[in-house]
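The next block holds one structure in the form of structure tokens; read it before the comments.
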Amino acid sequence: ELLKIDISDPTQPRVAESLDLPGRPRRIALAGDNVFITTQKAGLLVARFSSDQPGRLIGSLMRPWPMSDFSQALGIEVRGSYAYVILDAEGLQVVDISQPEKPKEAIFFPLPARGLSIGLSEDFAVVSTKWNGYFFIDISRPERPQLAANIYLPRGSSEFKLEENRLYAASQSFGINVIPLPLKNIGASRFSDHALTFEKPQFPGWYDLSVGGGKKLVTVASALKVD
């Protein structure tokens with residue numbers, strides 16, 4: 001089920017609309033009135049919420065057999081006319097959404113690692129992986145993505161945020177990593193060249209984080225000033 005929640009009064013959020021969805025939804029991304037949803041069994045769905053009509057499904061995309069059916073779609077981001085979907089061990093799927101009612105695969109870009117999540121910087125899709133750190137994929141030409149760099153991390157890091165000119169990453173067992181962007185000599189970059197690390201051994205893990213105004217980084221375990 002997809003919920004549209006009214007937060008005009010943050011102290012009293014309420015469900016304004018709901019929409020039944022097939023296929024066990026996993027991740028969502030917003031673009032104007034459109035909502036892009038990856039599901040476990042029904043592929044990529046497109047819903048629309050507008051002021052003059054109730055929420056409704058307007059489009060969908062299934063990958064052709066024998067490819068996967070988005071059961072491992074662990075991340076999705078949308079920019080302009082494209083959606084970028086991470087499909088676990090398969091790689092990056094670039095979807096043309098110029099007609100949201102008829103999304104279509106523009107290209108599939110395999111990765112040599114299990115993708116966990118994705119974020120977009122100015123010219124790159126940044127993909128975190130389980131054991132192989134971060135892959136920086138040049139998407140300046142979305143239908144011709146190119147692998148630009150791989151920055152290795154000693155542990156898996158699934159949750160990260162791109163904020164202004166830094167990448168902040170929370171690793172379950174390696175603390176907080178801060179990587180300045182843009183990377184210099186990105187093709188030859190190494191983790192040790194760029195990352196600043198903050199560790200607190202007494203905390204059992206770092207599972208998510210948020211960055212506020214570039215001044216404070218908040219995790220489930222602590223708050224840390226980074227200015």
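In what follows, residues are counted from 1 in the order of the sequence shown. Worth knowing before you read on, the calculation uses all heavy atoms, side chains too, and leaves out hydrogens, waters and symmetry mates.
Here the closest heavy-atom approach between residue G55 and residue L19 is recorded as O-CD1, 3.6 Å. Nearest heavy atoms, S117 versus S128: OG-OG, 2.7 Å. Shortest non-hydrogen contact noted between G115 and V127 is CA-CG1, 4.1 Å. For the residue pair P103 and S60, the shortest heavy atom distance occurs at CG-O, 3.5 Å.
Applying the side-chain hydrogen bond (donor to acceptor under 3.5 Å, both in side chains) criterion to E17, with sequence neighbours excluded, gives no partner residue. By the side-chain contact (heavy atoms from CB on, under 4.5 Å) test, R48 is found to be paired with D33, N34, R56, I58, P100, E101, residues two or more places apart in sequence or in another chain being considered. In this structure, the side-chain contact (heavy atoms from CB on, under 4.5 Å) partners of P13, at least two apart in sequence or on a different chain, are I5, I7. By the side-chain hydrogen bond (donor to acceptor under 3.5 Å, both in side chains) test, S81 is found to be paired with no residue, residues two or more places apart in sequence or in another chain being considered. Residues passing the side-chain contact (heavy atoms from CB on, under 4.5 Å) test with P25, sequence neighbours excluded: L21, I37. Judged as a salt bridge (Lys or Arg N to Asp or Glu O under 4.0 Å), and not counting sequence neighbours, D123 has no contacts. Judged as a side-chain contact (heavy atoms from CB on, under 4.5 Å), and not counting sequence neighbours, the contacts of Q12 are D9. For S121, the side-chain hydrogen bond (donor to acceptor under 3.5 Å, both in side chains) test picks out no residue, with sequence neighbours left out.
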Can you give each donor-acceptor pair under 3.5 Å made by side-chain atoms of residues 139-148, sequence neighbours left out, with the distance rounded to 0.1 Å?
unit_1 : atom_1 : unit_2 : atom_2 : d
S140   : OG     : D138   : OD1    : 2.7
E143   : OE2    : Y82    : OH     : 3.1

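Counting only distance, with no hydrogens or angles, the side chain of N150 and the backbone of F136 share no donor-acceptor pair below 3.5 Å. At distances below 3.5 Å, not a single donor-acceptor pair connects side-chain atoms of N132 with backbone N or O atoms of P112.
Using a 4.5 Å cut-off on side-chain heavy atoms (C-beta onward), R24 and T39 make no contact. Residues V95 and F36 form no side-chain contact, since every pair of their non-hydrogen atoms from C-beta on lies 4.5 Å or further apart. Between Y84 and I137 there is no side-chain heavy-atom pair separated by less than 4.5 Å. Taking 4.5 Å as the limit, every side-chain heavy atom of I97 sits out of range of all side-chain heavy atoms of V46.
Rounding to the nearest 0.5 Å places CG of L2 at 4.5 Å from CZ of F49. One distance of note links CZ of R114 with OG1 of T129; it measures 10.5 Å at 0.5 Å rounding. Atom CG of residue L45 and atom CD1 of residue I28 lie 12.0 Å apart, to the nearest 0.5 angstrom. Note: L30 CG to E77 CD = 10.0 Å, rounded to the nearest 0.5 Å. Going from atom CD1 of I107 over to atom CG of D96 covers 12.5 Å, rounded to the nearest 0.5 Å.
With respect to R27, the side chain to side chain contact (heavy atoms under 4.5 Å, CB included) criterion is satisfied by exactly one of I86, T38, V85, I118: T38.
Hydrophobic clustering keeps L44 apart from L57 (ILVMFWY residues linked when any side-chain heavy atoms are closer than 4.5 Å, directly or through intermediates). Residues L111 and V94 are members of one and the same hydrophobic cluster, defined by side-chain heavy-atom contacts under 4.5 angstrom among Ile, Leu, Val, Met, Phe, Trp and Tyr.
Counted within 6.0 Å of NZ on K4, heavy atoms from surrounding residues, nucleotides or ligands total more than 12; the atom is thus considered enclosed.
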